[in-house]
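Quick notes on the structure that follows.
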Amino acid sequence: MNKYRTHTCGELSIKDKNKKISLSGWINKKRDHGNLLFLDLRDNYGITQCVIDNTHQNFKELEKLPLESVIKIEGKVIERTKETLNKELNTGEIEISIISYEILGNTKELPMPVFSDQEYSEEIRLKYRFLDLRRKKIHQNIILRSKVISFIRSEMEKNGFLEFQTPILTSSSPEGARDFLVPSRLNPGKFYALPQAPQQFKQLIMVSGFDKYFQIAPCFRDEDARADRSPGEFYQLDLEMSFVEQEDVFEIVEKLMTNVFKKFSNKKMLYDKFPKISYSDAMIKYGTDKPDLRNPIIINQFTEVFKREDVSFDIFKKLVNKGSIVRGIVAKNTKDKPRSFFDGIDQWAKDQGASGLAYFTIEKDTELKGKGPVGKFFGQDSIKEIMKISNAEVGDSIFLACGKKGEVENILSMARDKIANDLNLINYDTFAFCWIVDYPMFEVDEKTKKITFSHNPFSMPQGNINKIDFSKPLEIKAYQYDIVCNGIELSSGAIRNHIPELMYKLFSIAGYNKKLVDEKFSGMINALSYGAPPHGGIAPGIDRIIMLLAGEKNIREVTMFPMNQNAQDLMMEAPSQITEEQLKELNLTFKKNK
RNA sequence: GGGGGUGUAGCUCAGUUGGUUAGAGCGAUCGCCUGUCACGCGAUAGGUCGAGGGUUCGAGUCCCUUCACUCCCGCCA
């Protein structure tokens with residue numbers, strides 16, 4: 001028999017009545033009646049109430065034990081009387097009459113309570129993460145994470161994928177995010193990089209003939225954190241398949257996502273079949289390539305309206321003459337909203353750094369007219385035109401943004417969320433997945449005005465390879481795709497370019513000559529020259545999937561040992577200083593700051 | 001790198017227009033209490049009001065600087 005326990009704290013029931021048992025766990029809570037003490041013992045599996053009274057020789061000692069002490073209890077399972085049942089606990093029909101106890105682990109005074117639904121500062125939670133993780137909600141989140149990953153593994157294996165590990169110490173690559181670098185002791189002056197993703201390796205696995213690969217892969221990117229972005233490291237379900245087209249990848253991943261979300265959440269899936277939206281459509285209709293499709297609002301194009309004679313809104317007209325565009329969204333049935341609602345949204349837009357949102361409400365007495373600050377600038381026919389474009393009706397309001405394409409897309413994509421939220425249009429009990437497809441191969445860097453890869457340099461351009469017009473690189477689309485759920489980008493992937501000549505050509509457009517490509521992507525380009533299969537894949541973000549399933553807004557709530565915003569581990573005190581000796585071994589010296 | 005928010009007891013927070021000795025709940029310590037499950041009751045201890053400087057007769061409160069945590073932009077798929 002196990003020395004510490006015969007049962008866990010979550011499993012005893014009325015069936016075990018009168019059994020002599022032992023439990024081990026933490027003292028979750030005590031209720032001390034002076035001559036009668038209730039003690040809730042907690043472990044990973046649940047809570048069991050234990051009871052002792054002053055006729056017992058150990059009563060005084062147990063009364064004094066601080067919460068979160070680890071103890072072993074030996075006792076007898078007693079059926080609770082009808083009045084004293086606790087329906088909230090699985091073990092609420094019974095309690096343990098304590099016969100003896102043993103202290104297994106003492107505790108100092110707690111820096112934060114474990115038994116409490118209060119929220120604590122991140123600083124204290126991260127420093128004492130082992131205490132924080134004992135708390136119910138986050139404990140359950142981490143268990144959920146384990147179960148989801150385990151389920152994904154078995155689904156992938158069922159689908160014939162093989163799991164492989166890829167190197168953690170690899171080479172730095174010029175594309176993408178900033179690398180974490182590791183100095184090489186044996187190669188002075190040279191550095192490894194931690195992989196931003198196993199991108200090249202998974203393609204090499206395909207070239208090596210393994211056909212279907214997956215991995216729950218750690219990815220390292222030295223970029224600043226966000227609520228949904230860990231600083232430093234995160235996990236992807238990295239997968240790659242040979243001899244496939246885009247649709248084959250979609251089929252596998254769509255099925256997987258559906259199975260995962262149906263199994264681990266009660267929320268409804270808005271679509272059985274994920275809609276496919278082209279990148280350019282997404283930018284026009286939603287102003288972003290990660291639209292929240294739970295939100296019914298769609299952006300409309302109104303630029304032409306501002307060229308009409310019966311529109312006298314001069315500020316916008318002048319801007320349109322100079323090449324600005326006008327787009328807008330409809331807020332349904334808002335004619336009775338107070339002025340503060342509209343001004344609030346305009347002010348909100350200004351707070352976001354936009355020049356504001358013009359708005360008016362469509363009214364009708366004898367004829368159509370616009371009510372609100374800019375309403376008077378629109379003649380009846382122009383309002384009809386606006387209603388035709390946007391399907392707006394009398395009683396609806398129009399919010400308009402004017403400016404450069406990027407600015408307008410940006411503010412309206414945010415306004416879509418803001419207004420839908422204010423008007424309560426979003427059903428939070430649903431998951432709305434979609435595919436964003438047909439990404440452009442290249443884009444122009446706003447700052448440098450140079451042409452760069454818009455996504456992943458290894459993607460396959462669309463169309464007949466022999467007929468691609470390389471003189472118009474911005475028109476080349478790629479077999480590149482993202483999965484978006486509820487406005488969160490879950491993953492991106494692509495059919496890869498497995499043809500070296502084409503790769504050189506595309507890289508040359510982005511300013512890499514052949515020599516540079518050979519140098520920076522030697523592993524890849526070399527491998528593609530020895531019989532590479534057509535292949536493609538994708539890499540859904542594990543952390544974000546868990547966030548959606550757990551309904552958490554912050555990635556730290558689904559990460560066991562996260563770092564803070566400054567990429568520090570407050571518990572382990574990483575990063576830390578190293579010794580002169582270590583530096584010397586690595587052939588490194590510090591540059592003194594002034 | 002830039003912008004916003006927060007910082008008061010071990011924890012969560014209140015603290016009015018600048019005005020006497022900075023409060024509450026939880027936790028801790030001590031006492032009372034035999035059916036609680038956020039048990040109840042009483043008492044005690046516990047404070048560099050993040051730090052530094054300034055204005056003022058007087059600063060938790062106003063100003064400046066700075067630090068920490070956090071959210072956002074940049075960055076990042």
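Throughout, a chain's letter reflects where its sequence line sits, starting with A, and its residues are numbered from 1. Small disclaimer: the values here were computed from a predicted structure and weren't measured.
In terms of polar N and O atoms assigned as donor or acceptor, the side chain of A:R80 comes within less than 3.5 Å of the base of B:rC37 in a complementary pairing. If you check distances only, the side chain of A:R31 never reaches the base of B:rU34 with a donor-acceptor pair under 3.5 Å. Side-chain to base pairing of A:Q49 with B:rU36: one donor and one acceptor N or O lie within less than 3.5 Å of each other.
The nearest whole Å value for the distance from the CD atom in A:E109 to the P atom in B:rC11 is 10 Å. One interatomic measurement links the two molecules: CD of A:Q118 to C1' of B:rU12, which rounds to 4 Å at whole-angstrom precision. Rounded to whole Å, the distance from OH on A:Y128 to P on B:rU12 is 12 Å. With rounding to whole Å, A:I52 atom CD1 is found 20 Å from B:rC37 atom P. In this structure, CG of A:L126 is placed 15 Å from P of B:rA68, rounded to the nearest angstrom. In this structure, the CD atom of A:E123 is 6 Å from the P atom of B:rC69, given to the nearest Å. What separates NZ of A:K136 from C1' of B:rA38 is a distance of 14 Å, to the nearest Å. Rounded to whole Å, the distance from CD1 on A:I124 to P on B:rG7 is 16 Å.
Nucleic acid contact for A:E88: none, since no nucleic acid atom lies under 4.0 Å from a heavy atom of the residue. Within the 4.0 angstrom heavy-atom criterion, no nucleotide atom of any strand lies near A:L37. Contacts of A:I78 with the nucleic acid, taken as non-hydrogen atoms under 4.0 Å apart, are absent.
Salt-bridge formation is not detected for the pair A:D32/A:K30: no Lys NZ or Arg NE/NH1/NH2 atom is positioned less than 4.0 Å from an Asp or Glu carboxylate oxygen. In summary, A:D40 and A:R31 engage in a salt bridge, as defined by a charged side-chain N under 4.0 Å from a carboxylate O. Looking at A:D482 and A:K290, no side-chain N of the basic residue comes within less than 4.0 Å of a carboxylate O on the acidic one, giving no salt bridge. Comment: A:E254 does not engage A:K276 in a salt bridge, judged by the lack of any side-chain N to carboxylate O separation of less than 4.0 angstrom.
One C1' atom belongs to B:rG50, the other to B:rU70, and the distance between them is 15 Å to the nearest Å. Atom P of B:rC69 sits at a distance of 23 Å from the matching atom of B:rG74, rounded to the whole Å. Using atom C1' as the reference point in both B:rA45 and B:rG2, the two lie 46 Å apart (nearest Å). Comparing B:rC33 with B:rA24, their C1' atoms sit 25 Å apart, to the nearest whole Å. Atom name P, nucleotides B:rC73 and B:rU65: the rounded distance is 26 Å, in whole Å. Nucleotides B:rG19 and B:rA59 are separated by 11 Å at their P atoms, to the nearest Å. The gap from the P atom of B:rU66 to that of B:rG1 amounts to 13 Å, rounded to the nearest Å. The C1' atoms of B:rG15 and B:rG60 are separated by 8 Å, rounded to the nearest whole Å.
In this structure, B:rC30 forms a base pair with B:rG42, meeting either the Watson-Crick or the G-U wobble geometry with both donor-acceptor distances under 3.5 Å. The base-pairing partner of B:rA22, taking Watson-Crick or G-U wobble contacts with both distances under 3.5 Å, does not exist among the strands shown. Look at B:rA68: its Watson-Crick or wobble partner, with both distances under 3.5 angstrom, is B:rU6. Nucleotide B:rG1 has B:rC73 as its partner under the Watson-Crick or G-U criteria, with both atom distances under 3.5 Å.
Side-chain atoms of A:D569 come within 3.5 Å of backbone atoms of A:M572 as a donor-acceptor pair (strictly under, hydrogens ignored).
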Steps toward salt bridge (charged side-chain N to carboxylate O under 4.0 Å, His left out) verdict (A:R229, A:E223)
CA-CA 9 Å; A:R229 205 163 84 201; A:E223 298 293 352; 5.9 Å; no
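Within the 4.5 Å cutoff, the side chain of A:R327 has heavy atoms near those of the A:I284 side chain.
Listed candidates were B:rA38, B:rC33, B:rU34. Nearest to the side chain of A:L36 is B:rU34. In this structure, the nucleotide among B:rC37, B:rU12, B:rU34 sitting nearest to the side chain of A:S121 is B:rU12.
The aromatic ring of A:H33 sits over the base of B:rC39, with ring centres less than 5.5 Å apart and planes inclined by under 30°.
The six-membered or imidazole ring of A:F453 lies away from that of A:F458, with a centre-to-centre distance of 6.0 Å or more. Aromatic pair A:Y213/A:F161: ring centres not closer than 6.0 Å.
Proximity of A:K127 to the phosphate of B:rC69: no side-chain N or O atom is located under 4.0 Å from OP1 or OP2. For A:N566 and B:rC69, the shortest distance from a side-chain N or O to OP1 or OP2 is below 4.0 Å. Regarding contacts with the backbone of B:rG27, a side-chain N or O of A:K29 is found under 4.0 angstrom from either OP1 or OP2.
Taking the nucleotide of RNA chain B with the nearest heavy atom to each of A:L65 and A:F38, the more 5' of the two is matched to A:L65.
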Can you give one letter per nucleotide of nucleotides 72-77 of chain B, 5' to 3': B if a protein heavy atom sits under 4.0 Å from the base, S if only from the sugar-phosphate, - if neither?
SBBBBB
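For the salt bridge (Lys or Arg N to Asp or Glu O under 4.0 Å) criterion with A:E557, the lone passing option out of A:K137, A:R145, A:R125 is A:R125.
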